[in-house]
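Residue numbering restarts at 1 for every chain, and letters A, B, ... go by the order of the sequence lines. Note that the structure is predicted; figures quoted are calculated from it, not measured.
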Protein chains: 2
Amino acid sequence: MNEISLKSSQFPNGCQNCAIRHQAVCSRCEPDELERLDEIKYYRTVEAGQTVIWTGDRMEFVASVVSGIASLTQTMEDGRTQMVGLLLPGDFIGRPGRESAAYDVIATTDIVLCCFRRKPFENMIVQTPHIAQRLLEMTLDELDAAREWMLVLGRKTAREKIASLLAIVARRNAALKLQGTGEKIQFDLPLTREAMADYLGLTLETVSRQISALKRDKVIALEGKRHVIVPDYRRLLNEAGDDSDGGMMM
Amino acid sequence: MNEISLKSSQFPNGCQNCAIRHQAVCSRCEPDELERLDEIKYYRTVEAGQTVIWTGDRMEFVASVVSGIASLTQTMEDGRTQMVGLLLPGDFIGRPGRESAAYDVIATTDIVLCCFRRKPFENMIVQTPHIAQRLLEMTLDELDAAREWMLVLGRKTAREKIASLLAIVARRNAALKLQGTGEKIQFDLPLTREAMADYLGLTLETVSRQISALKRDKVIALEGKRHVIVPDYRRLLNEAGDDSDGGMMM
DNA sequence: ATCCGCTCTTGATCTGTGTCAAGGAGTTAA
DNA sequence: TTAACTCCTTGACACAGATCAAGAGCGGAT
């Protein structure tokens, strides 16, 4: 299962994207708290396509995604699968208090995780209130994202679903770079057609057809299979069925 | 908007179902913490069919459902609606830190809410760590429920969707009464066909047809339109597509 | 260079669910 | 009693998306 421990020294700036350390802890932590966090922390890489944890596995750690993209996936006995979460850098994996994993966690791209051994981490939560508060904020955001996605899954057409997904990835990308003010946004899709289908509750054929249709209608342009160019972000949002930008997710 | 303040004295046993007071606080709270909670607390009733809060409204409070059933609903501009949460007694409404509501909150039946004014409640969270910890637990449970529902919305057939919903309501009901060990479970559906459709991402006609089909196939029996009898709970679970009871939701 | 495996596209056809329409059953009000 | 209303059921038909099938593009291994 391709597990490699990395030393903190490989991340000279600290764990830049690690939500726990930088967003939850650093700004408010006492030095001795940081030390305790470092003691229970280790890094781990997983190759694209590998499964980090299977549903039901014992969870020995919780983790934060440092780089790459992971997904939470549920599978029914007959093989139907539904992705229930897209984990981007900064997102959190696992939950304090749970012994075993509730979902498969799959590395969609090569990823680096910042892991914390679970038991000591749970102790830290009890002793360090602002960690629980930060985790609560993050969890509430995830809950909003999940509910937003329920609207997508339950009520949107295939075309709207695709546009919604593209809008999310585009937004994430524009947010990471300088705010893509006005100018066209472009990015590489980090998901295969099949992964998109699993996220959207569609088949990969329908995904492919709808992407072709959006291309034909000049809502997007493609370079190769994965590189997407969005000439007019508002238009894309409109296709997604949520004209008022507002919420959306992730 | 039908707002009635009730006095705590109308709930002589305290607020039995109130998650914050009894599950989050009582067992671990100091007396002075309980007093502070009481100061910012009030009760409110809402009639069936009324909207408690509209999306975008300013949230002056957070609340816990004491009795009855409420729902969280999202609506698109063209009127398509998706229920994104079913709130049963003990469930929490609102989130600390958010100024305005992200969803419509609708009273599906007559309900009683135990409300806490938001600002002082947020202060309490900061000062009283175990409240944040309890809220984190509850939020994580809701997140699991939402993700479970994503599988229902994205990958299940209409028949499986109906069976899934019936199973949830049945489980809740059996849990409230003495564990319905073996014997047949019966309960009143608290939702109209239309509300079920909004929850399941279907039309009310399809809901009606599938309920008729389950009745015809003796998976359930009906007395009137709303009273459901489940002779074999395992069979129902099987129809829902999740043979291994295990998780499910809410 | 050739073959293999993987991802993606496109076509033809099938089917589950939506849409439109009519009417039944129960409740409340006149 | 009838009328009006809400909630639910059922039928006929349409259509979005699934399924089945063939093949294109492309990188990696031999």
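Closest approach of Pro89(B) to Ser67(B), counting heavy atoms only: CG-CA, 4.1 Å.
Residues Arg44(A) and Val112(A) are not in side-chain contact: their nearest non-hydrogen atoms beyond the backbone lie 4.5 Å or more apart. At least one side-chain heavy atom of Ile93(A) sits less than 4.5 Å from a side-chain heavy atom of Val65(A). The shortest side-chain heavy-atom distance between Arg226(A) and Leu191(A) does not fall under the 4.5 Å cut-off.
Of the candidates Asp198(B), Thr75(B), Asp78(B), Arg155(A) forms a side chain to side chain donor-acceptor pair (under 3.5 Å) with just one, namely Asp198(B).
Among the heavy atoms of the strands, none lies under 4.0 Å from Gly49(B).
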Given protein heavy atoms under 4.0 Å, the one-letter contact record of nucleotides 7-13 of chain D, with B base, S sugar-phosphate only and - none, is simply -SBBBB-
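Put simply, the side chain of Lys156(A) never gets that close to the backbone of Gly241(A): no donor and acceptor are under 3.5 Å apart.
One atom, CE of Met196(A), and another, C1' of dT9(C), lie 14 Å apart when rounded to the nearest Å. Atom-to-atom, CG of Leu189(A) to C1' of dT7(C) comes out at 13 Å; the value is rounded to the nearest Å. Atom CZ of Arg159(B) is separated from atom P of dT17(C) by 11 Å (rounded to the nearest Å). One atom, CZ of Arg155(A), and another, P of dA16(D), lie 17 Å apart when rounded to the nearest Å. As a whole-Å value, the separation of Gln210(A) CD from dC8(C) P is 16 Å. The distance from atom NZ of Lys156(A) to atom P of dG18(C) is 18 Å, rounded to the nearest whole Å. As a whole-Å value, the separation of Arg80(B) CZ from dA16(D) P is 13 Å.
Listed pair Thr203(B) / dT17(C) fails the phosphate criterion, with no side-chain N or O lying under 4.0 Å from OP1 or OP2.
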